[in-house]
Amino acid sequence: MRVIAARLLEWYDRHARVLPWRSPPGGAPPDPYRVWLSEVMLQQTTVAAVKPYYERFLARWPSVEALAAADNAELMAAWAGLGYYSRARNLLACARTLVAEHGGRFPGSAAELRRLPGIGDYTAGAIAAIAFGEPAAVVDGNVERVVSRLFALDNKPAVRARAAALTPAERPGDHAQAMMDLGATICTPKRPACAICPVRSDCRAFALGVQEAYPIRPAKAARPHRRGFAYWAEADGHVLLVTRPAKGLLGGMRALPTGAWGAAPSLADAPLSAEWRLLPEPVRHVFTHFSLDLSVACARVRRDEAAGEWWPIERLGEAGLPTLFDKAARLALRERMTETAIAC
DNA sequence: AACTCGTGGGG
DNA sequence: TCCCCAAGAGT
C-alpha cells in the first residue's frame, strides 16, 4: 500500500496537471475558498467546462465575504450554462453560513465541512485534504475507478475502505489529486493507458486483463421523452421572462414561461392570451433523466397584462438563461425574421 | 435507497 | 446519431 502511494506521488510530481485552482505539487496549500469553489463547480462537471466559470467567479467574488454579499439573481445568472443549479443556491447558502456562524472561515476538518450546504462526503474530504492537509478519504468517480481496478473490487464500501487505507499521512492533498489525475488521464473509463501507468505492476485488474470491467456499473435506466411549450411574448422590444421556483428542474433560474411538460402538452397554459404562432421546429434538449422537444410559441402582446419580468431583448445575454431557454430564445429571434411561424 | 438534477464533448 | 460520462449532493 505504501509503495503504491509513493509511486503515485512520484508520478504526480512530474505529471500533475496545471489547473487554475491548484498549487504545484509539494507547494503551499491553496486558499480554502478557491478549493471549495472549484470543487463545487467540478461536481459532475468537466474541467474544461469549469475553467471559464471559475475564473469569472473568482474575479467577481474574490472571497467568501464577497460571495456571501452577492445578489441572488446575479449569482444564478453567473452560473447559467454550468448546470445542476442547486449547486449555485447551496454555494450562496454555504458562504452566508460561513460568514454568519464561522467568522468567514472554513472549518478545517472534513467532519465539520460535511455539515455545510452543498458539501457532501467527497467535497468535504477534498477540501480537508487539499487545503488543510487532513488525511481524509477522497473518493470521487476517478478514485473509485482507480481503486476498484487496483484491487479488483466490485462494491463501493470496499473501494472506500481501500482508498482510506491508501491515503498517506504526508501530502494527503497531493495524493488525492494524484489519484484523480491518474483517473482522468491514464486510468480512463475506456481504453486505459496501462502501458504508461505508474502503478501498473500493482494493479490486480491489469494482471487479470480485466481493466475495463471495473468499476461495475449499474444498468442504465431508459430515458423517457417529453414534449412541451415555451412562450416568447414580445412587447416593445422586451420579452417576458419568469423566475422558476427554487426547487426542481432549473430551479431559481430566469426562463421563458412554460406549461407542464409531458406526453401531450397543450397551449392552454400560456402566460397570457394572444395569437400564438408556433415555430416550425422545436428545440431538442437532453437532460440526464429525460429528453425534451420544446416547441416555442411566439406572440406580440401588450406589455401590461402578464406577471413576470419584461426584459430588453438586446440585453438578453445578461439575463442568465440556462441552456435550454437560451436555445429557445435564439430560435425565436432567428425565426421571427423569416416569418415562417405557423399560426395556431 | 432510488430519484432528481444539466451540459457539452468524445468515441 | 447515439451513448457515455464528468472532482456528487439532496431528498
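Proteins come first, then strands; the chains are lettered A, B, ... in the order of their sequence lines, and each starts at number 1. The analysis underlying the following values was restricted to heavy atoms, covering all of them including side chains, and did not include hydrogens, waters or symmetry mates.
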Study note, to complete from the structure: First and last nt of DNA chain B near chain A, cut-off under 4.0 Å to heavy atoms, 5' to 3', are B/dT4 to B/dG8
Exercise for review: Under 4.0 Å between any heavy atoms, over every strand shown, what does A/Leu82 touch: base, sugar-phosphate, or nothing? Just pick one.
Suggested key: base
Practice item. Rounded to whole angstrom, note down the C1' distance from C/dG10 over to B/dG8. Key: 24 Å
Check your understanding: Just by protein heavy atoms under 4.0 Å, how would nucleotides 3-11 of chain C read 5' to 3' in B, S and -?
Key -> SS-BBBSS-
Check your understanding: Do the side chains of A/Pro271 and A/Val242 get nearer than 4.5 Å, heavy atoms only?
Key -> no
Practice item. Give a yes or no answer on whether the side chain of A/Arg227 reaches the backbone of A/Asp293 with a donor-acceptor pair at less than 3.5 Å. Key: no
Check your understanding: Hey, is the main chain of A/Gln43 close enough, under 3.5 Å, to the side chain of A/Arg87 for a donor-acceptor pair?
Key -> yes
Check your understanding: Where along residues 48-68 of chain A does a heavy atom come under 4.0 Å from DNA chain C, residue by residue in number order?
Key -> none
Practice item. Is it possible for you to say whether A/Leu75 and A/Leu37 belong to one hydrophobic cluster, with membership spreading through side-chain heavy-atom contacts below 4.5 Å? Key: yes
Exercise for review: Compare all side-chain heavy atoms of A/Glu74 with those of A/Arg60 and state whether any distance is below 4.5 angstrom.
Suggested key: yes
Exercise for review: Please list, chain by chain and in numerical order, all residues satisfying side chain to side chain contact (heavy atoms under 4.5 Å, CB included) with A/Ala111, sequence neighbours excluded.
Suggested key: A/Ser109
Check your understanding: How far, in whole Å, is C/dA6 from B/dC5 if one measures between their C1' atoms?
Key -> 14 Å
Point to revise | Distance, P atom - from B/dA2 to C/dA7, rounded to whole angstrom | key: 24 Å
Study note, to complete from the structure: With sequence neighbours left out, the residues meeting side chain to side chain donor-acceptor pair (under 3.5 Å) with A/Asp174 are A/Arg171
Study note, to complete from the structure: Applied to residues 1-29 of chain A, the ring-ring contact (aromatic ring centres under 6.0 Å, His included) test, sequence neighbours excluded, yields A/Trp11-A/His15, A/Trp21-A/Tyr54
Practice item. May I ask you to test the A/Val283-A/Phe325 pair for a side-chain heavy-atom distance under 4.5 Å? Key: no
Revision key, fill the gap. CG (A/Leu150) and CG (A/Leu182) are apart, to the nearest 0.5 Å, by 8.0 Å
Review point. Heavy atoms, side chains only, cut-off 4.5 Å: are A/Met253 and A/Trp79 in contact?
Key: no
Review point. With rounding to whole Å, what would you report as the distance between C/dA9 and B/dG9 at their C1' atoms?
Key: 24 Å
